[in-house]
Amino acid sequence: MQCGENNILDNRLTELHWFYSPFYFMDSKVDSQKICKMRSIGREPVLVLDRNIFSRLINVVSKGKTDEGSTKDIAFLIVWSVLNDVKILPYYALNEVAEGKNSEMAAQREYSIFKKIFTDITLLEWLTLASGLEEKNRTLVSEEENIEQIETRFYNTSIDYLSNYAAILHLSSVLLSEKEQIAKFKSFFEWFYSNLKVSRYTVVYVCRLLLGNNDYKEPKKIHGKDIVKAIKGCQNQARDLSYLTQLSIDRWPIEQYEPILITDDQMLGDIFVNGCFNTQPIREFEKNIKTSSRIITEWVDDLLANHKELEVDDYEIYFRKVVGQELDMFRTIFFSKNDHLDNK
């Protein structure tokens, strides 16, 4: 197809703010000409759907419509990908469902459904959904039919997730126990740079959160009274950040591919595009605080000068141990805070 013929699709997907990538979608503006330019330099685009968007797609295919968001918008995304011949990489979303449900079969089942998105459902049917002529997909792919498993295994322990989980647990403990902005900053980053591999995306998230940036949210439910929900909120935030760590330009062969994150979480997209090339994202805090910037600069200078990259024999064993320690500390602080509030 010729470039520039997808104005309706481009405009709608731009309105949704779903597209984020290191080079061509930094502004989340969707333009099919960007795909043509990308390919002209030998770089192939790949759509990486986050768990929320991927789940909606699976529901449209297996149930007829999505339970969350818009079925029409999912159809827009698929039509756009087909017309621009852009492949969808499902691995990370399938890894998340496998880990979340502790089930390889759950991921294999979703993959078997995903494979039929472009074969069992025609482009005309997707266009009908995207145009609103049909509200439900009528060609359903059954979740109960026989599954032919593939050799790829989706249930793999992600050390990126474990590291981010430990970081978010520690951050949550700091947010509950420290009152002052600078105290929170120092308490988190002194621990972070000493105990974990430093991810620029995690640093961007924490700095912007502590600066009070609009749309940057704390892990859900950590200020509530239900420890199970609070821990789940930490896990969900960690999984989101682990997506970004895995899509880092340090990991992907960007000479050949450009990973395009598809998410309706604008905070996640913002972290991604602002962390891609930021080699010292921690500096963002000192540049934007209203007082004590010189003191923070000196503190960060010292932190970075003395930082040594974490090296251990087995990262999974190490990170699991750190997660256990941070989980114990978070539980202690969480219950202590709630006991204090109950006794007031």
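In this text the structure is predicted, and so the values were computed from the model without any measurement.
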How long is the span from the [atom1] atom in [X] to the [atom2] atom in [Y], to the nearest 0.5 Å?
X      : Y      : atom1 : atom2 : answer
Ile249 : Ser21  : CD1   : OG    : 11.5 Å
Glu110 : Ile58  : CD    : CD1   : 5.0 Å
Leu176 : Ser336 : CG    : OG    : 10.0 Å
Ser81  : Phe118 : OG    : CZ    : 4.5 Å
Glu255 : Ile41  : CD    : CD1   : 10.5 Å
Lys72  : Glu135 : NZ    : CD    : 10.0 Å

Under a 4.5 Å side-chain heavy-atom rule over Ile, Leu, Val, Met, Phe, Trp and Tyr, are [X] and [Y] clustered together?
X      : Y      : result
Leu124 : Leu9   : no
Leu123 : Leu13  : yes
Leu133 : Trp80  : no
Ile295 : Leu211 : no

Closer than 3.5 angstrom, by distance alone: can the side chain of [X] be matched with the main-chain N or O of [Y] as a donor-acceptor pair?
X      : Y      : result
Glu258 : Tyr24  : yes
Gln181 : Leu210 : yes
Ser293 : Ile289 : no
Ser103 : Ala106 : yes
Ser112 : Arg109 : yes
Asn11  : Asn7   : yes
Glu104 : Tyr155 : yes
Asp302 : Glu298 : no
Thr14  : Val30  : yes
Tyr165 : Arg239 : no

Between [X] and [Y], what is the shortest heavy-atom contact and its length?
X      : Y      : value
Leu196 : Ser163 : CD1-O, 3.4 Å
Pro259 : Pro22  : O-CD, 3.5 Å
Phe334 : Ile222 : CE1-O, 3.5 Å
Ile282 : Val203 : N-CG1, 3.4 Å
Glu284 : Arg208 : OE2-NE, 2.6 Å

More than 12 foreign heavy atoms under 6.0 Å from [atom1] of [X]: is that the case here?
X      : atom1 : answer
Glu190 : CD    : no
Lys221 : NZ    : no
Tyr315 : OH    : yes

In a check of side chain to side chain contact (heavy atoms under 4.5 Å, CB included) between Trp18 and each of Ile53, Ile260, Leu47, Thr263, which one passes? Ile53
Sort and list the pairs that fulfil side chain to side chain donor-acceptor pair (under 3.5 Å) and have at least one residue in residues 320-335, not counting sequence neighbours. Thr157-Arg320, His170-Glu326, Trp191-Glu326, Glu316-Arg320
Check this for me, if you would: do Asp301 and Arg283 make a salt bridge, where the nitrogen-to-carboxylate-oxygen distance has to be below 4.0 angstrom? yes
Worked check of salt bridge (charged side-chain N to carboxylate O under 4.0 Å, His left out) between Arg12 and Glu15: CA-CA 5 Å; Arg12 177 54 187 159; Glu15 290 173 356; 3.0 Å; yes
Please lay out, stage by stage, how Tyr216 and Asp270 fare under the test side chain to side chain donor-acceptor pair (under 3.5 Å). CA-CA 9 Å; Tyr216 271 65; Asp270 188 71; 2.6 Å; yes
Please list, one pair per line, the donor and acceptor atoms closer than 3.5 Å that link side chains of residues 86-101 to other protein atoms, with sequence neighbours excluded.
unit_1	atom_1	unit_2	atom_2	d
Tyr91	OH	Asn156	ND2	2.8
Asn95	ND2	Phe154	O	2.7
Asn95	ND2	Asn156	O	3.1
Glu96	OE1	Tyr243	OH	3.2
Glu99	OE2	Ser158	N	3.3

Can you list the steps and then say if Glu125 with Thr139 is a side chain to side chain contact (heavy atoms under 4.5 Å, CB included)? CA-CA 8 Å; Glu125 288 176 287; Thr139 305; 2.4 Å; yes
Pairwise side-chain contact, [X] with [Y], heavy-atom cut-off 4.5 Å (strictly under):
X      : Y      : answer
Asp250 : Arg200 : yes
Ile231 : Ile227 : yes
Ile78  : Ile121 : no
Thr71  : Asn137 : no
Leu175 : Phe188 : no
Leu162 : Tyr318 : no
Ile74  : Leu129 : no
Leu261 : Phe25  : no

Under 30°, 30 to 60°, or over 60°: which ring-plane class applies to Phe189 and Phe185, parallel, tilted or perpendicular?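 Ring orientation of Phe189 relative to Phe185: tilted.
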Taking it one step at a time, do Ile262 and Phe19 satisfy side chain to side chain contact (heavy atoms under 4.5 Å, CB included)? CA-CA 5 Å; Ile262 305 297; Phe19 281 55; 3.7 Å; yes
Stepwise side chain to side chain contact (heavy atoms under 4.5 Å, CB included) test for Val300 and Phe285: CA-CA 10 Å; Val300 171; Phe285 185 81; over 6 Å; no
Are Thr202 and Asn164 close enough that a side-chain donor and a side-chain acceptor fall under 3.5 Å?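 Looking only at side-chain atoms, Asn164 and Thr202 do form a donor-acceptor pair, the distance falling under 3.5 Å.
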When you look at Thr128 and Glu134, which way does the side chain to side chain donor-acceptor pair (under 3.5 Å) test go after all the steps? CA-CA 6 Å; Thr128 302; Glu134 290 283 357; over 6 Å; no
Check the pair Phe272 / Tyr20 against ring pair (Phe, Tyr, Trp, His ring centres under 6.0 Å), numbers first and verdict last. CA-CA 7 Å; Phe272 187 42; Tyr20 302 89; 7.8 Å; no
Test salt bridge (charged side-chain N to carboxylate O under 4.0 Å, His left out) applied to Lys197 - qualifying residues, sequence neighbours left out: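 Salt bridge (charged side-chain N to carboxylate O under 4.0 Å, His left out) list for Lys197, sorted by chain: Glu309.
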Kindly determine whether Ile117 and Trp126 satisfy side chain to side chain contact (heavy atoms under 4.5 Å, CB included), including the steps that lead there. CA-CA 10 Å; Ile117 287 172; Trp126 284 115; 3.7 Å; yes
